There are 2 protein chains.
Amino acid sequence: MTEAEYLANYDPKAFKTVLLTVDAVLFTYHDQQLKVLLVQRSNHPFLGFWGLPGGFIDEYCDQSLEEAVLRKLQEKTAIVPPYIEQLCTMGNSRRDVRGWSVTVCYTALMGYQACQVQIDSVSDVKWWPLEDVLQMPLAFDHLQLIEQARERLTQKALYSLVPGFALAEPFTLPELQHVHEVLLGKPIQSKSFRRRVEQADLLIDTGLKRTERGRPANLYRLKPDTASYRFLRNLEC
Amino acid sequence: MTEAEYLANYDPKAFKTVLLTVDAVLFTYHDQQLKVLLVQRSNHPFLGFWGLPGGFIDEYCDQSLEEAVLRKLQEKTAIVPPYIEQLCTMGNSRRDVRGWSVTVCYTALMGYQACQVQIDSVSDVKWWPLEDVLQMPLAFDHLQLIEQARERLTQKALYSLVPGFALAEPFTLPELQHVHEVLLGKPIQSKSFRRRVEQADLLIDTGLKRTERGRPANLYRLKPDTASYRFLRNLEC
DNA sequence: TCAATAGTGTCTTTAAGACAATATATA
DNA sequence: TATATATTGTCTTAAAGACACTATTGA
């Protein structure tokens with residue numbers, strides 16, 4: 001049989017009926033704490049529960065998984081986040097009562113900005129403090145996904161400046177340090193932190209300063225290659 | 001509508017028809033080089049091409065993605081690899097002529113052992129030298145997946161002893177060092193390497209020695225927590 | 001001037017790099 | 001004994017930790 005003959009006989013509907021979705025754990029930093037964007041479900045299953053933004057692939061509209069998840073986020077926040085990365089894929093027969101289900105989950109970061117409901121498949125969209133979310137009952141296995149995303153981001157706080165993408169630009173160096181401290185759950189020696197930042201050469205000094213009690217702090221922006229830069233040595237704290 | 005009513009009306013076949021597979025990049029170390037397990041396809045598309053072991057989820061037999069990929073590997077190698085980790089998920093409308101297609105890809109490591117065809121969905125199974133594979137035309141986007149798996153393993157060679165899972169136990173310390181050197185493409189100071197191994201305390205000394213020209217070398221096994229151990233500092237080489 | 005926060009100087013500590021020296025096999 | 005490879009000793013170097021010190025603002 002040639003490939004052409006094979007394809008002529010091929011019926012895609014005859015095959016698997018696994019449910020496939022994309023989801024995103026979108027973090028930001030606001031009011032001195034990490035927050036996660038959640039949406040309140042207006043459909044079964046888990047109607048009324050809060051869960052991650054995401055949903056089914058649109059085979060016709062989406063060209064790729066990443067395009068699909070960015071579309072979902074844009075529907076909720078009207079923004080494309082400056083940092084996005086594939087986290088993991090969860091797939092098993094138990095996570096959704098409708099049957100075998102797979103979700104490809106992404107971690108994304110953006111500077112805080114208010115958001116509001118843009119579409120009707122959800123009844124509400126809200127930034128929740130991460131610490132509160134870890135105690136809430138959430139849809140599906142979304143709590144697990146958030147925990148995993150948080151662990152990965154904590155690792156990155158040890159060897160990169162990626163957490164900076166959770167800040168609205170321009171930001172101060174003490175703010176950046178504080179995001180890292182919140183993730184690590186411990187204070188960092190500011191001398192060590194500044195030395196690393198200087199060595200990495202990832203921040204653009206805007207020349208501006210922000211005053212808020214005490215000496216004014218320099219304001220910076222992130223260079224785009226912050227997403228891929230890795231320090232050779234971890235912070236030990 | 002209650003959830004029960006919703007589910008009674010729910011028709012899974014009415015929904016998406018995305019193709020879903022799992023694949024594995026299985027590495028081993030043999031004859032001083034890294035090798036990858038490939039299978040020769042006996043079905044369209046890419047009939048006759050070499051590609052990664054993997055295939056469709058069996059909704060009834062497989063409880064989870066990881067179970068599915070382990071089943072696929074066991075069918076080819078009659079072994080469960082001592083190390084397996086999710087690599088990434090590739091999904092888009094172009095990677096398979098049959099339509100929108102998603103594969104959840106894993107990286108796995110095992111000590112070398114010969115293997116032979118166990119099933120008939122492929123016509124051959126073979127360990128290929130990694131350097132050769134990177135020049136071969138492969139099925140689908142499997143070359144990309146192998147490149148990505150190799151990059152990730154190279155990173156791990158800098159801050160962990162995970163590459164040791166590619167060795168047949170027991171192994172010598174110079175062998176372990178050589179796997180790392182092959183991945184990094186550079187020699188490592190053996191003093192540095194040994195210091196790290198000692199500090200990590202991940203190797204069990206079997207008390208045995210292997211002689212092969214020159215002074216005999218101690219033989220070791222890996223402790224299971226080698227899979228999760230991370231050094232604070234990367235090798236710089 | 002004081003309180004508060006930003007940012008620097010500098011000494012200590014840790015672990016890697018470099019490389020010479022020693023140890024234990026076989027031929 | 002000579003050669004080959006394994007393993008150790010030890011000095012240098014890079015970068016983090018600790019912490020005291022200086023700088024710049026507003027009240």
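Order of the sequence lines sets the chain letters (A, B, ...), proteins ahead of strands, with each chain counted from 1. Everything numeric here is computed off the predicted structure, so don't read it as measured data.
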Stepwise side-chain contact (heavy atoms from CB on, under 4.5 Å) check, B:T154 with B:L184 | CA-CA 6 Å; B:T154 299; B:L184 300 172; 3.9 Å; yes
Given the structure, check if the side chain of [X] and the base of [N] hold any donor-acceptor pair shorter than 3.5 Å.
X	N	answer
B:R215	C:dA25	no
B:K191	C:dG17	no
B:R213	D:dA4	no

Rounding to a whole Å, what distance do you find between [X]:[atom1] and [N]:[atom2]?
X	N	atom1	atom2	result
A:I188	D:dA15	CD1	C1'	16 Å
A:L158	D:dA16	CG	P	12 Å
A:Y159	D:dA16	OH	C1'	19 Å
B:R196	D:dT8	CZ	P	17 Å
A:N234	C:dA15	CG	C1'	13 Å
A:L219	C:dT5	CG	P	17 Å
A:K186	D:dA16	NZ	P	17 Å
B:E212	D:dT7	CD	P	13 Å

For B:L235, which contact category applies under a 4.0 Å heavy-atom criterion: base, sugar-phosphate, or nothing?
->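 The answer is sugar-phosphate, as B:L235 gets under 4.0 Å only of primed atoms, P, OP1 or OP2.
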When you measure from the side chain of A:W127 to the backbone N and O of A:Q113, does any donor-acceptor pair fall under 3.5 Å?
->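 Yes.
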Start at the 5' end of DNA chain D and walk down; is the nucleotide closest to B:N218 or to B:R233 reached first?
->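 Its nearest nucleotide lies further toward 5', so the answer is B:N218.
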State which residue, out of A:V104, A:I84, A:V22, fulfils the side-chain contact (heavy atoms from CB on, under 4.5 Å) condition with A:E66.
->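 In the set A:V104, A:I84, A:V22, the residue that makes a side-chain contact (heavy atoms from CB on, under 4.5 Å) with A:E66 is A:I84.
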Closest to the [X] side chain, choosing from [options]:
X	options	answer
B:Q189	C:dA18, C:dT14, D:dT25	C:dA18
A:Q199	D:dA16, D:dA15, D:dT8	D:dA15
A:S192	D:dA6, D:dG17, C:dG7	D:dG17
B:A217	D:dG17, D:dT7, D:dA15	D:dT7
A:T211	D:dA16, D:dT25, C:dT8	D:dT25
A:E236	D:dG17, C:dT8, C:dA15	D:dG17
B:L173	D:dT7, D:dT25, D:dA16	D:dT7

Return the 5'-most residue of the pair A:R195, B:S190 with respect to DNA chain C, ranking by each residue's nearest nucleotide.
->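 Checking each residue's closest nucleotide, the 5'-ward one belongs to A:R195.
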Give a yes or no on whether the ring-centroid distance for B:Y29 and B:F27 is below 6.0 angstrom.
->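 Centroid distance B:Y29-B:F27: not below 6.0 Å, so no.
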Salt bridge flag under 4.0 Å for residues A:E75 and A:R71 =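 Salt bridge: yes.
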Nearest atoms (heavy-atom pairs only) where B:L52 meets B:H142 =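 Closest approach of B:L52 to B:H142: N-ND1, 2.9 Å.
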